Enquirer: 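I have a structure I would like to understand better, so I am pasting it below and will then ask my questions one at a time.
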Amino acid sequence: MTDNAKQRIERLSREIERHNHAYYVEDNPSITDAEYDRMMRELQALEQAHPELKLANSPTSRVGGLALDKFTPVRHRVPMLSLDNAMNEAEFLAFYERVGNLLGESEIELCCEPKLDGLAVSLIYEEGQLVSAATRGDGTTGEGIIDNVRTIKAIPLVLRGEGVPRVLEVRGEVFMPKAGFEAFNERARAKGGKTFVNPRNAAAGSLRQLDSRITASRPLSFYAYSLGVVEGESRPLPATHYDQLQALKSWGLPVSDQVKVVTGEEQALAYYRDILARRDGLPYEIDGVVNKVNAIALQRRLGFVARAPRWAIAGKFPAQEEITLLEGVEFQVGRTGAITPVARLKPVFVGGVTVSNATLHNADEIARLGVMVGDSVIIRRAGDVIPQIVSVVAERRPDNARLIEFPDSCPVCGSAIERLEGEAVARCAGGLYCRAQRKEAIKHFASRKALDVDGLGDKIVEQLVDRELVDTPADLFKLSASTLTMLERMGSKSAQNLVAALQAARETTLPKFLYSLGIREVGEATAANLARHFRTLEAVATADVEQLIEVDDVGEIVARHVHKFFREPHNQEVIAALVDPERAGIHWPEMAQADESEQPLKGQTWVLTGTLSQMSRSEAKAGLEALGAKVSGSVSKNTHCVVAGEKAGSKLTKAQQLGVEVMDEQGLLSLLGG
Ligand SMILES: NC(=O)c1ccc[n+]([C@@H]2O[C@H](COP(=O)([O-])OP(=O)(O)OC[C@H]3O[C@@H](n4cnc5c(N)ncnc54)[C@H](O)[C@@H]3O)[C@@H](O)[C@H]2O)c1
Ligand SMILES: [Zn+2]
């Protein structure tokens, strides 16, 4: 038994050291933090059970990093330590009790802070001027990175305000905000370049660059969270950690506005739960909260253990990255024929839910990841963003791993798959011959922002098409309640309701009808512009490309899609059936002649994101509101359109994921000017 424990301890220590190197030195971890933490926990438990077997240099008693000698070494006069972790409430309560016992107090004041997921830096100011900046390194010696730190706009080069000590060491976290991280990865993916697994690695990789111009091009930010060496103060430092942070703030250093003082364990747990609930809405990644004994005098009494202070604990949040197996890949066909590879995963609990599918985007992404069926892959699920495969754990590839073969014919209808020059997406050429595209077209037709047919869910559409009861949207209107009751999970009451909903849906508006046709690149705003410009279906359908380009927000590509759509005999037949009073009988009120008081965007919610170059945010907002739109700060499925300026980040990503229409600044200008 002891022998086994000995081997296990040696093996775990060796593996952890290897992962430390990949994570701290190369900024390129090969396993998830959750997996790493499990190994660390196992090693700690074994060492506790067999203290005599603990290695002299065990990773459990060291601060993990290592200073690279390509940077000038900087010795920390006060060591930079790590933090102990509490994985759950019980572990936090054990910490609280331990501290209470050591201090002989039953109620303790704690300063609670978000645990930013970036990397620790030490900044030294002399006479108020930034003179040195270093990473944590192994806790004793860090890497001199002042040139890189100078490029971070959130870090003041000169302090201001009253009472700045002659020498002041500020410690804090350099991090990459989520929006910047997503935009960086999006660009890298488009160029087939290297992406970062998460914002932490992005921050570390960006800061530890020999060329500070690279650092300058990365969107890094900073929050201060403690003091290190202090000398020559003109007045005594505040007696609590919280007040010290406020002093830092008064000298011009950024401090998180989520920091809060609480009393007792209940309030500390409430803080944890509150921040956890708001995690996804914060603009930066956090992996937990940090609780620190607030009174500096009490911190001194508690002191340190090998690698962490006794007066602080990190309450960890559930992991957003996990490792699982890629069991297979399926190819899904979308409304416009786009073929999307979807990873089938061994179910894994990550980001608070069980995940069994992840998108693989397209063939380029598969090639970039170098992923094979059978691989262990790192899944990331942050917030409500769809799960992604961020990397492959190369060392765990089994011998029987299989290459992922992109099909050359549609998996649903067998038509050829086309990939246009310069497009990442491959598409089934089958059009409405393809059952998959037909299903998606009908789902789109009935969706809320189109004809809004209540009760026609995806599962029902799939059955209707599979049973060949419905081929085109026009066929929906031929369905009788008795036909519908043949479907699975369709009682006679819901069948009657659905028939009634279809009846009601026949009364619509021209913009909605144009949108419901699912013409490529014609979202809601474009459909509204087409309707406003041409005023009748007939006029839109017969317009040539030149006339279409005259419409606000319609460029050549969109114009060609619209033109081609209405030339297609099959589409002409379906449209004729839809508007024929004897058949589907869809109708709408005549479009009024455009006049000054018209509000074409009435009832719509728009979101502005990114930087606009030709007008200010408030001008854009006022312009949209004048057209009747409501301008909101967050993207949801109820958003009609997102205007994305330069450097648009997470809101743009979210809009794309939700299929919300996106417009660029040019589009907005012509909408407002037109
Ligand atoms: N995936 C891997 O291969 C791998 C390898 C090594 C380490 N890791 C991860 O790194 C963790 C250990 O890293 P660590 O030693 O930096 O510890 P840590 O990240 O768990 O905690 C200490 C760090 O928290 C940061 N921090 C953020 N906000 C703070 C605040 N308000 N106050 C104080 N500190 C704050 C500081 O940078 C500090 O150095 C492990 O738990 C593991 O998750 C992963
Ligand atoms: Zn097909």
Side-chain angles (χ1 to χ4, degrees), residues 15-41 59 62-66 79-87 111-122 135-139 142 171-175 197-198 200-201 203-204 222-226 241 245 255-256 258-259 284-292 307-309 312-317 319 321 323 331-334 336-339 378 391 393 407 409-418 426-440:
E15 284 227 349
I16 290 172
E17 286 302 348
R18 197 162 55 78
H19 291 305
N20 279 347
H21 189 86
Y23 181 90
Y24 291 110
V25 179
E26 289 164 5
D27 299 319
N28 191 19
S30 51
I31 57 165
T32 59
D33 290 357
E35 191 102 334
Y36 175 92
D37 291 342
R38 284 190 288 267
M39 289 167 68
M40 196 65 149
R41 289 262 159 155
R62 301 199 300 129
V63 175
L66 186 79
M80 290 183 78
L81 299 178
S82 179
L83 289 170
D84 276 340
N85 288 326
M87 294 297 188
C111 184
C112 303
E113 308 171 12
K115 184 168 183 294
L116 299 152
D117 209 6
L119 76 162
V121 293
S122 148
T135 63
R136 190 180 68 181
D138 64 2
R171 291 176 174 184
E173 197 87 346
V174 167
F175 60 94
V197 171
N198 54 38
R200 193 218 95 94
N201 296 114
F222 174 81
Y223 275 131
Y225 55 62
S226 70
H241 176 74
L245 291 181
V255 173
S256 165
Q258 306 289 331
V259 177
Y284 41 78
E285 194 76 40
I286 58 176
D287 63 343
V289 299
V290 186
N291 299 284
K292 300 172 181 170
R307 59 187 289 278
I313 189 114
K316 285 274 204 163
F317 285 166
E321 283 143 28
I323 296 187
F331 294 87
Q332 283 181 354
V333 188
T336 59
I339 311 273
I378 296 182
S391 64
V393 186
S409 60
C410 173
V412 175
C413 73
S415 300
I417 287 181
E418 300 172 331
R427 290 177 203 277
C428 159
L432 290 178
Y433 168 75
C434 177
R435 182 172 289 192
Q437 292 187 50
R438 228 153 51 209
K439 286 178 183 169
E440 296 308 313

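Computed from a predicted model, the values in this text were never measured in an experiment. In what follows, residues are counted from 1 in the order of the sequence shown. Whatever order the structure lists ligands and atoms in, that order sets their numbers, starting from 1.
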Enquirer: For the residue pair Asn20 and Tyr36, confirm or rule out a side-chain donor-acceptor distance under 3.5 Å.
Expert: yes
Enquirer: Please confirm whether Ala312 comes under 4.0 Å of ligand 1, counting heavy atoms of the residue only.
Expert: no
Enquirer: Name the closest protein heavy atom to atom 11 (C) of ligand 1, giving the residue it belongs to and the distance to 0.1 Å.
Expert: Tyr24 OH, 4.2 Å
Enquirer: When you look for heavy atoms under 4.0 Å from ligand 1, do you find them on the side chain of Val290, its backbone, both, or neither?
Expert: side chain
Enquirer: Check this for me - ligand 1, Ile31, N or O atoms closer than 3.5 angstrom, yes or no?
Expert: yes
Enquirer: Check Lys316 against ligand 1 and report side chain, backbone, both or neither, counting heavy atoms closer than 4.0 Å.
Expert: side chain
Enquirer: Ligand 1 versus Ala314, non-hydrogen atoms closer than 4.0 Å: side chain, backbone, both, neither?
Expert: neither
Enquirer: What part of Arg136, side chain from CB on, backbone N/CA/C/O, both or neither, has a heavy atom under 4.0 Å from ligand 1?
Expert: side chain
Enquirer: What I want to know is whether Asp33 and ligand 1 share at least one N or O pair that is separated by under 3.5 angstrom.
Expert: yes
Enquirer: Is it the side chain (CB and beyond), the backbone, both or neither of Thr32 that lies under 4.0 Å from ligand 1, heavy atoms counted?
Expert: backbone
Enquirer: Of all the atoms in ligand 1, which lie at a distance below 4.0 Å from a heavy atom belonging to Asp37?
Expert: 40 (C), 41 (O), 42 (C), 43 (O)
Enquirer: Can you tell which of His21, Glu113, Glu173 gets a heavy atom nearest to atom 31 (N) of ligand 1?
Expert: Glu113
Enquirer: Heavy-atom pairs closer than 4.0 Å: do any link ligand 1 to the side chain of Tyr223, the backbone, both, or neither?
Expert: neither
Enquirer: May I ask you to check whether Tyr36 has an N/O atom sitting below 3.5 Å from an N/O atom of ligand 1?
Expert: no
Enquirer: Ligand 1 and Leu116, any nitrogen or oxygen pair closer than 3.5 angstrom?
Expert: yes
Enquirer: Can you check whether Lys292 has an N/O within less than 3.5 Å of an N/O in ligand 1?
Expert: yes
Enquirer: If you measure every N/O of Asn20 against every N/O of ligand 1, is any gap under 3.5 Å?
Expert: no
